[in-house]
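Let me begin by presenting the structure, written as structure tokens, before commenting on it.
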There are 2 protein chains.
Amino acid sequence: MRDGSGAAGPSRMPVDARMVPGGSLRFKNQVEFLIEIDALKHTLRQTVLVDLSRRENSVEHSWHIALAAMMFKEYADAPGLDTDRVIRMLLLHDLVEIDAGDTYCYDEPGKAGQKEREDRAADRIFGLLPEDQAREFRALWDEFEERRTPEARFAHAMDRFQAFVHNYFTRGHTWRQHRIRKSQVLERMQPVQAIAPRIYEYAATLIDDAVGRGYLLP
Amino acid sequence: MRDGSGAAGPSRMPVDARMVPGGSLRFKNQVEFLIEIDALKHTLRQTVLVDLSRRENSVEHSWHIALAAMMFKEYADAPGLDTDRVIRMLLLHDLVEIDAGDTYCYDEPGKAGQKEREDRAADRIFGLLPEDQAREFRALWDEFEERRTPEARFAHAMDRFQAFVHNYFTRGHTWRQHRIRKSQVLERMQPVQAIAPRIYEYAATLIDDAVGRGYLLP
């Protein structure tokens, strides 16, 4: 794996400007971006797949929560929510992890410098795109990070809920590994409570159940 | 890996109806769907990652082409293209492979019965959703399969072009492995030519170059 180590392996072929239609720098940059983002498939998360076979990567997580948004949108307490913007935001929300790696949500020391690392990564990665698209993608990422719009808040709710479901339905695999407490998970679920109270209600029930079963510390 | 073997491993926990808000069957089915689709992360494709480290799975591919659609939409020869519908289509277009597995595009014998396998898979997998969402997701999948709308045609173009880029930029890794000929790849690129001629122009240039370099048989 390649956890936040920057550019891809030594064997990577360059995109030859002489081969792109009309020698367009724009087209070349877009192909380079397409190839670059392949690297996110190497960023491993703490979460494991439901069958416990291996850790999930950030691309798989992004896909999963984009589909989750399509399905759970009816629970968003936000009339007129633009689900398609939520989906686009979720597809690119983890791209910065190509450089910055995944920071485990309960790893408080690991969070030191995370914002700076991710901002630097956003500059580099979105900066590979043609200027107008760099702005468009960066604006979606900024919106996600700032958590002010209903779309960003619902995107965060999906981000939290999917990881939660993976934890509970693997009998607390990652919670037990890191000796996570109920209060930590309840806090982690606050963005869900704020925008999707019905989903939070479910999570809260599972959290109590998880403590009873020993998946979570009380 | 679990290539088209149906339901997930033996350790999978059931979704307990007594824990979902108000005992809602709808909510329960949605959580079950969320857990079920995790299985697509086990469906391996023939394509390898750009750094050659391993095969790509169908979830990673789906995410990659959804972002590709966001970026390459300007090349679609289809005024008013609904890119967001393309993205939603791409996110779910491979879900049938949970049961049906991935069929390699140049494996003609392997394609026997593919349509029937995938239709059966679509019935089962989309059928896990509440009825209205089953209809919505299935309609998107049917639209993709039927390739009649500009959105479906552009979705196919992204599907083909991303795999093509992976092949070329891994020095023809999978093409060489399967002794693929130029004519096969040109044919595979026809859906790109039809809806995104500029992207096709690039692909055609790389195909000639690939023959010259020995990545593809002439």
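Bear in mind the structure is a predicted one, so any value in this text is a computation, not a measurement. Note on naming: letters A, B, ... go to the chains in the order of the sequence lines (proteins, then strands), and numbering restarts at 1 for each one.
Asp208(B) does not touch chain A: none of its heavy atoms, backbone or side chain, sits under 4.5 Å away. Interface remark: Gln30(A) contributes backbone and side-chain atoms alike to the contact with chain B (heavy atom separation under 4.5 Å). Contacts of Phe137(A) with chain B are made by side-chain atoms alone, with heavy-atom separations under 4.5 Å and no backbone atom involved. Proximity to chain B is limited to the side chain of Arg54(A), based on heavy atoms less than 4.5 angstrom apart. Contacts of Lys73(B) with chain A are made by side-chain atoms alone, with heavy-atom separations under 4.5 Å and no backbone atom involved. For Ile37(B), the parts sitting under 4.5 Å from any heavy atom of chain A are the backbone and the side chain alike. Proximity to chain A involves both the backbone and the side chain of Ile199(B), based on heavy atoms less than 4.5 angstrom apart. Of the two parts of Leu90(A), neither the backbone nor the side chain holds a non-hydrogen atom closer than 4.5 Å to a non-hydrogen atom of chain B. With a threshold of 4.5 angstrom between heavy atoms, Pro130(A) does not approach chain B through any atom at all.
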Could you go through Leu49(B) and Glu60(B), starting from their C-alpha distance and side-chain angles, then the distance that decides it, and tell me whether this counts as side chain to side chain contact (heavy atoms under 4.5 Å, CB included)? CA-CA 10 Å; Leu49(B) 301 191; Glu60(B) 295 168 327; 4.3 Å; yes

Evaluate the side chain to side chain contact (heavy atoms under 4.5 Å, CB included) criterion for residues Arg12(A) and Asp51(B): first the C-alpha distance (whole Å), next the side-chain angles of each, then the deciding distance (0.1 Å), finally the verdict. CA-CA 7 Å; Arg12(A) 179 151 141 192; Asp51(B) 72 354; over 6 Å; no

Verify salt bridge (Lys or Arg N to Asp or Glu O under 4.0 Å) between Arg124(A) and Glu36(A), making sure each step is shown before the conclusion. CA-CA 11 Å; Arg124(A) 183 187 78 78; Glu36(A) 173 66 28; 2.8 Å; yes

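The aromatic ring centres of Tyr200(B) and Phe161(B) sit 6.0 Å or more apart. The aromatic ring centres of Tyr75(B) and Phe154(B) sit 6.0 Å or more apart. In this structure, His166(A) has its ring center no closer than 6.0 Å to that of His61(A).
Among the candidates Gln162(B), Met71(B), Glu201(B), the residue making the largest number of heavy-atom pairs closer than 4.5 Å to chain A is Met71(B). When the candidates Thr205(A), Val20(A), Leu34(A) are compared by the number of heavy-atom contacts under 4.5 Å with chain B, Leu34(A) comes out ahead. Between chain B and the residues Gln133(A), Arg88(A), Lys41(A), the largest count of heavy-atom pairs under 4.5 Å involves Lys41(A). With respect to chain B, the highest number of heavy-atom pairs below 4.5 Å among Glu74(A), Glu136(A), Arg85(A) belongs to Glu74(A). Contacts with chain B were tallied for Leu206(A), Asp209(A), Thr83(A); Asp209(A) has the most, counting heavy-atom pairs under 4.5 Å. Of the listed residues Thr170(B), Val31(B), Val165(B), the one with more heavy-atom pairs under 4.5 angstrom with chain A than any other is Val31(B). Ranked by heavy-atom pairs under 4.5 Å with chain B, the list Ile87(A), Asn57(A), Ile35(A) is led by Ile35(A). No other option in Leu92(A), Leu129(A), Val15(A), Asp16(A) has as many heavy-atom pairs under 4.5 Å with chain B as Val15(A).
Using modelled atom types, one finds no donor on one side chain facing an acceptor on the other under 3.5 Å when comparing Thr174(B) with Gln46(B). Residues Thr43(B) and Glu97(B) bring no donor and acceptor atom of their side chains to less than 3.5 Å of each other.
Asn167(B) contributes a side-chain N or O that, together with a main-chain N or O of Ala163(B), makes up a donor-acceptor pair within less than 3.5 Å.
For Glu131(B), the CD atom is loosely surrounded, since the number of other residues' heavy atoms within 6.0 Å does not exceed 12.
The side-chain heavy atoms of Trp141(A) and Glu118(A), taken from C-beta on, include a pair separated by under 4.5 Å.
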